[in-house]
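I have placed the structure first, in the form of structure tokens, so that the comments after it can refer back to it.
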Amino acid sequence: MSLLELLGQGFVQHALIAAVLISIAAGIVGALVVVNRLVFMTGGIAHTAYGGVGTAIYLGLPVLPVTGVFTAGAALLLGALTRRKRERTDTLIGVIWAAGMALGLILVELTPGYQAGLMTYLFGSILTVATVDLWLMAGIDAVIVSLALYYYRDLLSFSFDPVYARTRGIPVTGLYFMLLLLVAETVVMMIQVVGLLLVIALLTLPPYLAQRYTRTLGGMMLLSGAFSLLFCLAGLYASYWFDIGSGPAIIATACAIYLVVVGGERLIGIARR
Amino acid sequence: MSTPETDQPAIVLDGVSFGFDREPILERIDLVIPRGAFAVIVGPNGGGKTTLLHLILGLYRPDAGTVRVFGDKPGRHPERIGYVPQHGNLAPGFPATVEQVVLMGLPHGRRHGPGFHADERARAQLALERTGIPELAQRPFGALSGGQRQRVLIARALITEPELLLLDEPFSNIDPYGRACIHETLDGLGGTLTRVMVSHDLGITRQAVSQVLAVNRWLVSGDGPAITEEMLGLMYGQHGADCPMGHSALNAHLAPSASSSHPGGEAR
């Protein structure tokens with residue numbers, strides 16, 4: 001099949017729209033996660049989301065909305081537990097991480113006759129995104145973009161130095177909870193595409209790369225969104241070319257590009273010496 | 001209150017005690033810093049100097065007693081207070097220009113949205129000129145030297161043209177040249193600005209200093225720029241038996257004057 005014929009397929013078009021939509025969220029939220037050093041926290045929220053998936057499957061309810069509510073609750077709980085001592089909280093995050101994951105696995109196992117689809121939420125399948133999910137993702141994007149634009153100045157100050165931001169009257173606690181909720185909803189919308197096991201890679205690799213080439217937080221958000229889209233598109237093509245799953249293909253492509261860029265910079269640095 | 005606002009001292013602490021998880025950090029602190037003063041807070045690490053600043057900033061609420069800044073509760077007037085936090089725990093690769101860092105000194109207000117306004121940027125430029133580094137405005141903050149960063153953080157504190165400047169260890173991790181520059185910057189501010197500077201370096205006392213406060217759970221305050229024996233006793237006196245200084249002549253000399261002023265004043 002030629003590339004043009006491929007692009008004519010409905011499911012491919014859906015996949016491309018989904019890639020754009022998750023890249024918008026991944027760029028903004030990923031940049032905030034990286035500069036606030038919340039990568040482990042994001043891992044915790046992502047794995048806890050599995051508890052939401054299990055709950056939805058067990059109760060026979062639609063997965064994305066139930067997981068959205070469940071994960072938001074988990075994010076608020078983690079926020080309340082870690083609000084005071086942000087640095088000494090990895091144990092708590094680890095416990096909730098494991099508990100959410102275990103709950104999901106148990107509930108899925110208890111669901112009679114449920115076999116298929118489990119892997120969908122672990123590794124994602126961007127090629128089966130339904131139209132209704134695209135609308136849901138667009139809605140989450142709209143919320144994320146509006147909040148990030150409106151609170152940009154506060155988020156900048158909060159991310160740079162939260163203690164100082166408090167002395168300026170900035171509502172730091174509110175921003176922290178807002179950020180965790182944005183992480184939760186980003187995780188939920190990305191579950192479908194890359195799967196929750198691989199969410200962290202798409203929320204961290206693009207910002208890590210973007211941080212090397214920008215002087216501002218806004219620039220970092222835009223550039224990591226662009227990197228995320230590049231990874232998704234290149235990954236999708238790799239998935240088609242090598243006939244492998246789309247989720248792992250996207251992440252493998254992202255890691256490969258990251259290594260090439262970072263390794264290339266090192267080599268140039270050595271050569272210049 | 002019937003007293004006119006302008007007659008209020010800059011800072012008043014009345015019987016303030018504060019601790020974390022039943023561990024007392026500060027006990028029964030009484031303190032008055034008049035307007036225009038240059039007060040230096042000295043004391044050992046862990047003695048409560050930074051905690052005292054945080055109480056004045058309203059970041060902590062006292063367990064007992066009251067804190068008043070310009071006669072009002074702390075935290076009410078961010079634009080009147082400039083704060084230079086202890087330097088060091090800032091993310092090294094943070095994506096922000098010097099100008100943006102200075103703009104973070106503006107109080108939280110009605111202005112939202114992704115950009116900064118021309119009048120705000122002009123104020124940032126003015127603050128950078130006051131600290132002598134206007135040419136660095138568009139440089140990435142992470143690419144600066146320690147001394148340059150510290151001057152950016154002082155500019156951030158000055159952007160609102162505050163009446164009170166709180167500095168927490170502005171000379172830590174800074175090379176001698178950088179120290180000289182910062183001293184020059186601070187001495188040049190003068191005027192009606194009230195300055196409160198935390199330092200664990202006793203050599204910091206300078207001519208411009210009007211008041212020295214020694215803090216080590218309790219507080220001893222002096223009237224002039226000198227550190228008194230009583231302060232030294234509070235800070236370093238009465239060491240435990242495991243400390244070699246506990247048997248030194250200095251300690252034996254200072255202990256009697258120190259023990260009279262602060263009940264149970266063992267060093268922490």
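No experiment lies behind these values; they were computed from the predicted model shown. Residue numbers begin at 1 in each chain, while the letters A, B, ... track the order of the sequences.
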Using non-hydrogen atoms and a limit below 4.5 Å, what part of residues 214-224 of chain A faces chain B?
A:T214, A:R215, A:T216, A:L217, A:M220
Which answer fits A:V163, side chain, backbone, both or neither, if we ask what part of it has an atom under 4.5 Å from a heavy atom of chain B?
both
Would you say CZ of B:F18 has more than 12 non-hydrogen atoms from neighbouring residues, nucleotides or ligands within 6.0 angstrom?
yes
Taking 4.5 Å as the heavy-atom cut-off, does anything in residues 58-67 of chain B contact chain A, and if so which residues?
B:G58, B:L59
Taking only residues two or more places apart in sequence or in another chain, which ones pass ring-ring contact (aromatic ring centres under 6.0 Å, His included) with A:Y150?
B:H112
Could you give the distance from OH (A:Y164) to CE (B:M104), rounded to the nearest 0.5 Å?
9.5 Å
Step through the shown structure and confirm whether more than 12 heavy atoms of other residues, nucleotides or ligands are within 6.0 Å of CD on B:E161.
no
Residues of residues 124-131 of chain B near chain A, each having a heavy atom less than 4.5 Å away:
none
So, taking the atom named CZ in A:R153 and the one named CG in B:L103, what distance separates them when rounded to the nearest 0.5 Å?
7.5 Å
Hey, what do you get for OG1 (A:T167) to CD1 (B:I56), rounding to the nearest 0.5 Å?
13.0 Å
Any idea which heavy atoms bring A:R168 and B:I81 closest together, and the distance?
NH2-O, 2.7 Å
